[in-house]
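First up is the structure itself, then whatever we jot down about it.
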Amino acid sequence: MDVQKVLKEINTDVRAQIGEFEGRVADYIPALACAPEDGFAMAVYDINGNVFEVGDISTTYTIQSISKILTLTLALQRYGDSLWARVGKEPSGTAFNSLTQLEFEKGIPRNPFINAGALATCDALYSRLSAPTFHMLETFRKLSGNGRISINTDVARSEFEHGHRNAAMAYLMKSFSNFDNNVEDVLKAYFSFCAIEMNTRELARSFGFLANRGRDIHSGDIIIDAKQNSQLNSLLFTSGLYDASGDFAYRVGMPGKSGVGGAIVAFVPDRFSVAVWSPKLNKYGNSSAGLYALEQFADRLSLQLF
Ligand code: GLN
């Protein structure tokens with residue numbers, strides 16, 4: 001199977017229609033609005049450590065909601081199944097930043113990949129770490145293989161200044177006794193996690209453990225135990241793309257996670273981690289060209305799990 005050849009074909013295909021993909025760059029966080037509309041990159045890490053890549057591979061961007069995978073990983077390491085008393089495991093069927101369900105369901109978010117669920121998870125993590133942002137950054141530095149990965153402080157600040165919906169969710173959870181720490185402190189940590197910046201190769205490498213039974217591909221270190229890794233993949237399959245998770249499962253057939261920075265990561269267990277980036281988002285907040293590229297990748301290499 002020639003992965004590099006397939007990536008090259010996808011790149012040519014995507015480039016030819018890059019202006020035609022639906023949607024627009026995220027602008028509800030002002031600092032994200034200047035992302036290049038026609039940017040595109042894709043990288044594949046196989047579990048033997050081989051990397052295949054194409055497009056604007058050295059362009060960096062903030063990983064946004066993709067950080068929620070690592071937030072959950074670090075929280076599961078510390079809390080195990082007791083974490084599920086605070087956050088559910090069901091698809092939400094609502095937008096990633098929706099507030100309504102949280103009120104009806106008494107402050108328990110549907111899953112850890114919508115904003116409310118990630119904030120609750122982040123709050124749990126905050127209670128167990130003395131320097132959560134530093135810990136998260138250090139973990140990404142190790143996983144990505146780049147010790148200089150950093151936080152885009154302009155984006156983090158912009159998110160904090162315009163993060164009223166996220167603040168509303170956190171306060172609503174606090175009113176239901178599902179938020180322990182100071183809201184502003186946890187929001188700052190959450191926005192810093194979202195504003196961690198890297199390129200597409202580093203993104204694919206960082207999450208390689210999800211395709212490798214929970215072990216880092218390069219060091220062999222256990223990032224999460226094999227059973228929890230399998231559970232995490234299952235939850236990504238059902239909820240990783242918010243209220244478009246069904247469409248992603250149908251079109252791409254792999255567990256995945258998107259972020260409003262325009263990146264998506266997806267996993268083929270025991271084979272690959274795949275990352276794609278293109279900043280124009282559809283109405284669900286998922287990269288339009290990224291979805292197309294992943295669908296092509298899955299089709300051309302017959303990678304759908306079912
Ligand atoms: N930082 C973003 C927010 O909280 C993350 C959302 C996303 O990537 N879907 O709104």
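Numbers here simply count residues along the sequence, with the first being 1. Indexing begins at 1, ligand by ligand and atom by atom, following the structure's order.
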Check each atom of ligand 1 against the heavy atoms of Asn115 and keep those under 4.0 Å away; list them by number with element.
3 (C), 4 (O), 6 (C), 10 (O)

Please confirm whether Val260 comes within less than 3.5 Å of ligand 1 when only nitrogen or oxygen atoms on both sides are compared.
yes

Can you check whether Gln304 reaches Asp299 side chain to side chain, under 4.5 Å on heavy atoms?
yes

Under a 4.5 Å cut-off applied to non-hydrogen side-chain atoms, are Lys257 and Ile264 in contact?
no

Other residues, nucleotides, ligands: >12 heavy atoms within 6.0 Å of Glu138 CD:
yes

Sub-4.5 Å side-chain heavy-atom contact between Thr71 and Met136
yes

Touching ligand 1 at all, Asn97? Heavy atoms, strictly under 4.0 Å?
no

The ring-ring contact (aromatic ring centres under 6.0 Å, His included) partner of Phe237 among Phe306, Phe248, Phe267 is Phe306

Taking the six-membered ring for Trp, are the ring centroids of Phe207 and Phe140 within less than 6.0 Å of each other?
yes

Considering heavy atoms of the protein only, find what lies nearest to atom 9 (N) of ligand 1 and give residue, atom and distance to 0.1 Å.
Tyr242 OH, 2.7 Å

Could you tell me which atoms of ligand 1, counted from 1 in the order shown, lie closer than 4.0 angstrom to a heavy atom of Glu159?
1 (N), 2 (C), 3 (C), 4 (O)

Suppose I only count heavy atoms of Gln64 and a 4.0 Å limit; which atoms of ligand 1 are within that range?
1 (N), 2 (C), 5 (C), 8 (O)

Where ligand 1 meets Tyr190 - atom numbers and elements under 4.0 angstrom, heavy-atom basis
3 (C), 4 (O), 5 (C)

Purely on distance, is any nitrogen or oxygen of Asn166 under 3.5 Å from one on ligand 1?
yes

Those atoms of ligand 1 less than 4.0 Å from some heavy atom in Gly259:
8 (O)

Is there any N or O on Lys68 that sits under 3.5 Å from an N or O of ligand 1?
no

Within the structure provided, determine whether Phe21 and Val14 are in side-chain contact (heavy-atom separation under 4.5 Å).
yes

State the atoms of ligand 1, each with its element, that fall below the 4.0 Å cut-off from a heavy-atom position in Cys194.
1 (N)

Are side-chain heavy atoms of Asn199 and Arg205 found at a separation under 4.5 Å?
no

Among protein heavy atoms, which sits nearest to atom 10 (O) of ligand 1, and what does the distance come to when rounded to 0.1 Å?
Tyr28 OH, 2.6 Å

Please identify which of these residues, Ser92, Ser65, Ser98, meets the side chain to side chain donor-acceptor pair (under 3.5 Å) condition with Tyr242.
Ser65

For Ser65, take its heavy atoms, then give the atoms of ligand 1 lying under 4.0 Å from any of them.
5 (C), 6 (C), 7 (C), 8 (O), 9 (N)

